Structures are given as structure tokens and as C-alpha cells.
Amino acid sequence: MTHRAWFIAILPALLVTLVVFAATAQRVEPLVLADLRVSGVAVDDDSASVHRRLGTPLKVDASVLHYPDLDIVLKDGRVAILSITGPSRATRRGLRVGVAAEAAARVYRPCHVDSTLVQICYNAPRFDERVVLVAVADGRVSRIDIGRIIHAP
């Protein structure tokens with residue numbers, strides 16, 4: 001058997017292997033509860049635990065605690081939204097403000113994408129208000145909101 005004939009004989013198997021490897025390598029896991037946490041603070045934590053983990057906020061506006069590069073929105077004394085506003089904070093999967101917007105699709109499985117927003121849903125089939133919203137400006141991540149954001153229709 002010549003090299004050419006041998007190559008043609010194994011080409012289909014080689015192509016299938018490459019496609020399967022590429023698909024497996026790019027498989028992104030769905031959101032899990034651990035993804036709903038930033039800097040040790042989780043969605044639904046109480047305000048006392050936020051103060052224990054992060055200390056005194058720089059500023060407090062009504063129900064928003066402002067920390068460096070992180071705003072925490074409280075509802076009924078519990079964390080409703082964690083907003084990453086600057087590059088010193090990151091999601092559990094390493095997404096930061098300032099990186100290329102395409103990074104969100106590489107580390108998360110979006111349920112909606114457009115030129116200004118990437119939305120990653122938690123337990124979408126059973127409707128869950130917890131999501132990760134990635135705001136995009138000029139092709140870069142400008143803000144990341146994690147928490148109880150989507151409201152039932």
C-alpha cells in the first residue's frame with residue numbers, strides 16, 4: 001500500500017477524531033451555584049456575612065454596598081446582585097472587566113448574545129432568576145452582574 005493510499009484510507013477516521021476532540025475541548029459547563037459568587041460573597045448571603053468577608057464598604061447608597069471594583073445590591077438584607085465594575089475582581093471562571101467580549105462565550109454557555117450583552121442563565125429550563133449578565137462596550141467587557149436579575153413574566 002502506498003503512502004497516498006494509506007493516508008486516504010485513514011483520512012475519514014482522522015477527521016472524525018479531530019472533530020470529536022475539538023467539540024470535547026470546547027464544551028463549556030453550564031452555570032453552577034459556585035458561579036454565583038465573587039470574592040467570597042455569594043448571591044443570597046446576608047449583609048453581616050458580606051461585612052465579615054469584605055469589611056466596611058467605601059460607600060453605602062440605600063441598598064447598595066460599594067467596594068473597590070464591586071457593588072453589592074441587597075434586597076431584604078440579602079445579596080441580590082454582585083456587580084463587578086473593575087478589573088481587580090473576577091468571576092469564578094476568571095472573566096474580568098476589560099477583557100475581550102468573546103472571552104465570555106469561551107468560559108460560559110450563553111443563552112443570549114448581542115452587541116451589548118451576553119446573558120448566561122442558571123437552570124434556564126426551570127426558569128431561575130439567577131443569571132450572569134456581561135455588559136459589552138466597544139467589544140470589551142464593561143461590567144459583570146451576577147445574581148437575581150431576571151424576573152418572572
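Just so we're clear, the structure is a prediction, and the values are computed from it rather than from any experiment. All values below were derived from every heavy atom in this structure, side-chain atoms included, with hydrogens, water molecules and symmetry-related copies excluded.
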**Q** Any donor and acceptor pair, going by atom type alone, linking the side chain of Arg148 with main-chain N or O of Glu129 inside 3.5 Å?
**A**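 No; judged by distance alone, with no hydrogens or angles, the pair does not exist.
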**Q** When you compare the side chain of Val79 with that of Leu74, does any pair of heavy atoms fall below 4.5 Å?
**A**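 When only atoms from C-beta onward are counted, Val79 and Leu74 do touch, with a gap below 4.5 Å.
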**Q** How long is the straight-line distance from NE2 of His66 back to CD1 of Ile72, given to the nearest 0.5 Å?
**A**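 Result: 10.5 Å between the selected atoms.
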**Q** Testing the basics here: between Leu36 and Leu82, what is the closest heavy-atom pair and its distance to 0.1 Å?
**A**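 Minimum heavy-atom contact is O-CD1, 4.0 Å.
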**Q** Any chance you could measure Ser142, atom OG, to Leu117, atom CG, to the nearest 0.5 Å?
**A**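 Ser142 atom OG to Leu117 atom CG measures 9.5 Å (nearest 0.5 Å).
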**Q** When rounded to the nearest 0.5 angstrom, what distance separates CZ in Arg143 from CG in Leu133?
**A**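 The distance works out to 10.0 Å.
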**Q** Can you check whether Val28's main-chain N or O pairs, donor with acceptor, with Arg109's side chain at less than 3.5 Å?
**A**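 Indeed, once roles are kept as given, a pair shorter than 3.5 Å links the two residues.
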**Q** Report the distance from atom OG1 of Thr85 to atom CG of Asp71, rounding to the nearest 0.5 Å.
**A**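 Rounded to the nearest 0.5 Å, the OG1-CG separation comes to 5.0 Å.
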**Q** Give the minimum heavy-atom separation between Arg89 and Asp69, together with the two atoms involved.
**A**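 Closest pair (atom of Arg89, atom of Asp69, distance): CG-O, 3.4 Å.
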**Q** Spell out, as yes or no, whether a donor-acceptor pair under 3.5 Å connects the side chain of Ser63 to the backbone of Lys75.
**A**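 It does not hold such a pair.
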**Q** If you look at every heavy atom in Val43 and Ala80, which pair is closest and at what distance?
**A**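 Here Val43 and Ala80 meet closest at CG1-O, 4.1 Å.
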**Q** To the nearest 0.5 Å, what is the distance between CD1 on Ile144 and CD1 on Ile81?
**A**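 The distance works out to 14.0 Å.
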**Q** Roughly how far, to the nearest 0.5 Å, is the CZ atom of Arg130 from the CD1 atom of Ile149?
**A**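 If we round to the nearest 0.5 Å, Ile149:CD1 and Arg130:CZ are 12.0 Å apart.
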**Q** Any non-hydrogen side-chain atom of Thr91 less than 4.5 Å from a side-chain atom of Asp35?
**A**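 The answer is no; the side chains never approach within 4.5 Å.
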**Q** Is it the case that the side chains of Ser39 and Tyr67 hold a donor-acceptor pair, with the cut-off being a distance below 3.5 Å and no angle test?
**A**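 No, no side-chain donor-acceptor contact under 3.5 Å.
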**Q** Restricting to non-hydrogen atoms, name the atom on Cys111 and the atom on Ile120 that form the minimum distance, rounded to 0.1 Å.
**A**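 Reported closest heavy-atom pair: SG-C, 4.1 Å.
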**Q** Looking only at heavy atoms, what is the nearest atom pair of Ala103 and Leu95, with distance?
**A**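 Between these two residues, the closest heavy atoms are CB-CD1, 3.9 Å.
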**Q** Check Ser88 against Pro68 and note the closest heavy-atom contact, atom names and distance.
**A**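 Looks like OG-O, 4.2 Å.
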**Q** Checking the side chain of Asp46 only, and the main-chain atoms of Ala48 only, is there a donor and an acceptor separated by less than 3.5 Å?
**A**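 Yes; at least one donor-acceptor contact below 3.5 Å.
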